[in-house]
Trainee: 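Got a structure here, written out as C-alpha cells. Questions coming.
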Amino acid sequence: MTVSSRSKWILPVLAVCLLIILASILFGAQSLNMAQAWHEWRTHTPLSEAPTLSILLNQRLPRTLAALLAGAGLALAGCAFQALLRNPLAEPYTLGVASAGALGTWLSFILVDVGWFFGLSLRLPTAQICAFAFAGAEVLLVYGLASRKRRMAPSVLLLAGVTMGMLGNSGIMFTRYLAAPERLVMMDRWLMGGVDVLGYRPVITLFIGVVPCAAILIAQAAKFDQFGFNAELAAGRGIHLGRLQVTTFFVGSLMTAIIVSVVGPIGFVGLVIPHSVRMITGSRHRLLMPLSLIVGGAFLCACDIAARKILPGETPIGIITTLIGGPFFLYLLIRRKFTDWDV
Amino acid sequence: MYTLNAESLNFAYEPGSDVLRGVNASVIGGRITGLVGPNGSGKSTLLRLLCGFLQPNSGTVKLDGRPLVSLSAAERARTLAFLPQMVDPVFSLTVFEVVCLGRYPYTGMIGSLRSHDLEVVARCLQDTETEPLRHREFGSLSGGERQRVLLASILAQEPKLMLLDEPTSSLDIHHEVEVFELLARLARQGYGIAVVTHDLNLAAQYCEELLLLSADHSVLASGKPEEVFTEALLSTAYAASIRVGKHPFTGAPFVAAQSTRETPP
Ligand SMILES: Nc1ncnc2c1ncn2[C@@H]1O[C@H](COP(=O)(O)OP(=O)(O)O)[C@@H](O)[C@H]1O
Ligand SMILES: [Mg+2]
C-alpha cells in the first residue's frame with residue numbers, strides 16, 4: 001500500500017481519538033448525569049453544592065488531561081528515541097529511562113520522609129528534579145555503553161536499557177524500608193502507574209513538562225527523517241549529529257522524567273503508538289510525530305477508561321499498558337523486519 | 001567552477017595504523033575523478049575526509065581556497081554531496097520520500113517542499129530512471145535500484161561537487177553505463193565528481209583523472225587513465241598479474257586480470 005492510500009485513515013483515527021477523550025470524561029466509577037452537570041453550570045451553583053459538576057471538573061477533567069498529556073509525551077519520546085538511536089524498539093520504558101526516573105522520584109519521596117531534603121524548604125519540585133537527574137544520567141550511561149563499539153549495536157542498547165530498568169526497580173525495592181509506612185500505600189500505587197490525579201496541580205506540572213519538550217522534539221522532525229535513513233547522508237546534508245543527540249537525549253529524558261514523576265512508570269506507550277501510527281502516516285516524522293502525540297494521548301485515555309471499568313475498583317493503568325505493550329514488543333521482536341538488527 | 005583540493009592528508013582511525021599517507025587529491029568542476037584501489041586501501045576514508053566528516057591528522061582540505069572547516073554546515077551541504085557506500089534505513093520510506101530527503105539543505109525547519117523542490121525531485125527521478133519506482137518502498141528494492149534512488153537523492157541536493165562511494169557496485173551493465181553517462185552529462189554541465197569504483201574499464205572510459213591508492217594507503221599514481229592504468233602500476237596495486245590492452249571501440253585502456261592458468265601469448 002502506498003502512503004497516500006493509507007493516509008485516508010488519518011481523519012477517522014482523529015475522530016476516534018476525539019470520541020475516546022469524550023468518553024474518558026463521561027465514563028467513570030459513577031455514571032454522571034450530564035444534564036444535571038449542565039444545569040449546575042448554568043445556574044452558577046457553587047461547586048461545594050454541585051456534586052456532579054464537581055466530579056466532572058475536579059476529577060474527570062484533570063484525570064483526562066493527565067492521561068492525554070502523559071500519553072502524548074510518552075508516545076513522542078518513543079518516536080524521538082527510535083529515530084535517534086536508529087532502533088525501532090527504543091522507547092522510554094525499554095531504554096530504562098522510565099525506571100530511572102521512577103527510582104529518582106521514589107528516592108525523592110524517601111528523602112522527604114527522612115526529612116533530609118533541602119529542596120523542601122526551597123519549595124523546589126523535588127520529585128521532578130530527582131527524576132530528571134536519574135533519567136538523564138541513565139540515558140547517557142546506556143548510550144555510552146552501547147556506542148563503545150564502532151557501530152552502535154541495537155541489541156546491546158536494549159539489553160543495557162532493560163538491565164538498567166531492572167537495577168532501577170531493585171533500587172526501589174532496596175529502599176522501601178526507609179519509607180514512612182503510612183505513605184507506602186500511596187507510593188506503591190504510584191509505582192504501578194496511574195493517572196487518577198486529583199485537582200489541577202499535577203496537570204499543570206505535566207503541562208509545563210510536556211508541552212515545551214514536545215514542541216522541541218517535533219521541531220527536529222526533518223532531522224529525524226534524515227538520521228533514521230542514514231547518518232552519513234544526514235551529516236552531508238548539514239545536520240550536526242552531536243547537537244541532535246544532545247537535544248534529543250536531554251529533552252526526551254526530561255519529558256519522560258516529569259511524566260513518570262507524576263503518573264508513575266507507564267510502559268510501552270512509546271512503543272505501541274509510533275509503530276501503529278507509522279502504518280497510516282509512513283515514516284516521515286513531521287506527520288508521524290504530531291499524530292503520535294494525539295493518538296498517544298487518546299490511547300492512554302482509553303487505557304484509563306479500561307482501568308476504571310474492567311475490574312471493580314481501579315486497575316493500575318501501568319498494568320493495562322504493559323498487558324497491551326508486552327505482547328506487541330514480542331511481536332516486533334519475532335517479526336524482525338529491522339535491517340540492522342543482527343549486529 | 002568549484003574546486004576541492006586536498007593536500008598531503010594523513011589519517012588514522014586508531015593511532016599507529018595509518019589509513020591514508022600523504023594523499024593529494026582534487027575534485028574539479030567539469031570533471032570526473034575516479035578513485036580506484038584495492039579493498040581497504042582507504043578510498044571511502046578519503047571521501048569522508050574530502051567532505052569534512054573526518055578531520056585529517058595532518059594536511060588540509062580546501063574548497064576554492066577556503067578551508068572546508070570554515071564553511072557553515074548548510075553552505076557545505078549545498079556545495080558538496082556525499083553518497084555513502086552502504087545505506088541501512090531503519091524505517092521504511094518510499095522512493096519518492098527518499099529523493100525528497102535530498103532537498104533538506106533548501107527547506108526550512110518543517111521540511112515542507114515547495115513546487116520548485118518538487119520539480120527538482122521529479123527531474124532527478126527522471127534522470128536516474130527511477131520514476132517508475134516512485135511509490136515503491138525503498139527497502140523492497142534490489143541493490144541496483146537502491147543505488148539509483150540514492151543517486152537521485154544526492155542529485156536532488158543540487159550540489160556543485162559530488163563524492164560518490166561505489167555508486168555502481170551492484171548495477172547491471174545497462175544501468176552501470178547509464179549512471180556513468182549521467183555522470184558524464186553532469187560533468188559537462190559543470191559538476192565536479194569524484195567516484196569510487198571497482199570497474200576499471202568504465203573508470204578508464206569515463207574519468208578524466210584517476211587516483212590509484214595502494215594497499216599501503218598511499219597514492220601509487222594519479223593522472224590520465226593512460227598514465228595510471230599501466231600493467232606495472234596495476235599489478236603492484238592489486239598484487240595480481242594484470243594485463244592492459246586497448247578498448248576495441250573507445251581506445252581507452254582496457255584492463256583484464258590474468259589467470260595463473262593461462263600462459264601469456
Ligand atoms: N570507522 C572506522 N574505524 C576504524 N577503522 C576503519 C573505519 N572505517 C574503515 N576502517 C579501516 O580503514 C581501512 C580503510 O577502509 P576504507 O576507507 O573503507 O577502504 P576502502 O573503501 O578503500 O575499501 C580499512 O583497513 C578499514 O578496516
Ligand atoms: Mg569503501
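In the text below, chain A, chain B and the rest are named by the order of the sequence lines, each starting its count at 1.
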Trainee: Surrounding CD of E131(B) (heavy atoms of other residues, nucleotides or ligands, distance under 6.0 Å), is the total greater than 12?
Mentor: yes

Trainee: So for I154(B), is it side chain, backbone, both, or neither that comes closer than 4.5 Å to the heavy atoms of chain A?
Mentor: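 Both backbone and side chain.
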
Trainee: Assess the side chains of R284(A) and T94(B): does a donor N or O sit below 3.5 Å from an acceptor N or O?
Mentor: no

Trainee: Between A77(B) and G238(A), what is the shortest heavy-atom contact and its length?
Mentor: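 Minimum heavy-atom separation between A77(B) and G238(A): CB-N, 3.8 Å.
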
Trainee: How about F91(B) and F229(A): are their ring centres within less than 6.0 Å of each other?
Mentor: no

Trainee: With a 4.5 angstrom heavy-atom cut-off, could you sort out which part of H285(A) is near chain B: side chain, backbone, both or neither?
Mentor: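 Contact with chain B is through the side chain of H285(A) alone.
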
Trainee: With chain A as the partner, which of L163(B), V87(B), L150(B) has the greatest number of non-hydrogen pairs under 4.5 Å?
Mentor: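 The option with the most such pairs is V87(B).
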
Trainee: If I take atom CZ from residue F53(B) and atom CD from residue E232(A), how far apart are they, to the nearest 0.5 angstrom?
Mentor: 6.0 Å

Trainee: Indicate yes or no: at least one non-hydrogen side-chain atom of R286(A) is less than 4.5 angstrom from one of S112(B).
Mentor: yes

Trainee: Test side chain to side chain contact (heavy atoms under 4.5 Å, CB included) on D225(A) and L101(B); report intermediate values, then the result.
Mentor: CA-CA 8 Å; D225(A) 284 345; L101(B) 289 181; 3.8 Å; yes

Trainee: Taking side chain as everything from C-beta outward and backbone as N, CA, C, O, which of these in Y13(B) sits under 4.5 Å from a heavy atom of chain A? Side chain, backbone, both or neither.
Mentor: neither

Trainee: Counting C-beta onward and ignoring hydrogens, is there a side-chain heavy-atom pair between N230(A) and P89(B) closer than 4.5 Å?
Mentor: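 Sidechains of P89(B) and N230(A): no contact.
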
Trainee: Could you give me the CA-CA distance, side-chain angles and deciding distance for S283(A) and E97(B), then say whether side chain to side chain contact (heavy atoms under 4.5 Å, CB included) is met?
Mentor: CA-CA 9 Å; S283(A) 305; E97(B) 288 171 329; 5.9 Å; no

Trainee: Tell me, for A231(A) versus chain B, whether the close heavy atoms (under 4.5 Å) come from the side chain, the backbone, both or neither.
Mentor: neither

Trainee: What part of R136(B) gets within 4.5 angstrom of chain A, counting heavy atoms only: side chain, backbone, both, or neither?
Mentor: neither

Trainee: What is the distance from atom CG of L80(B) to atom CZ of R237(A), rounded to the nearest 0.5 Å?
Mentor: 13.5 Å

Trainee: Is S153(B) in contact with chain A via its backbone, its side chain, both, or neither, using a 4.5 Å heavy-atom distance?
Mentor: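 Both parts, backbone and side chain.
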
Trainee: Can you tell me how far the OH atom of Y104(B) sits from the CG atom of L233(A), to the nearest 0.5 Å?
Mentor: 13.5 Å

Trainee: Heavy-atom pairs under 4.5 Å with chain A: which of R78(B), E75(B), M86(B), Q157(B) has the most?
Mentor: Q157(B)

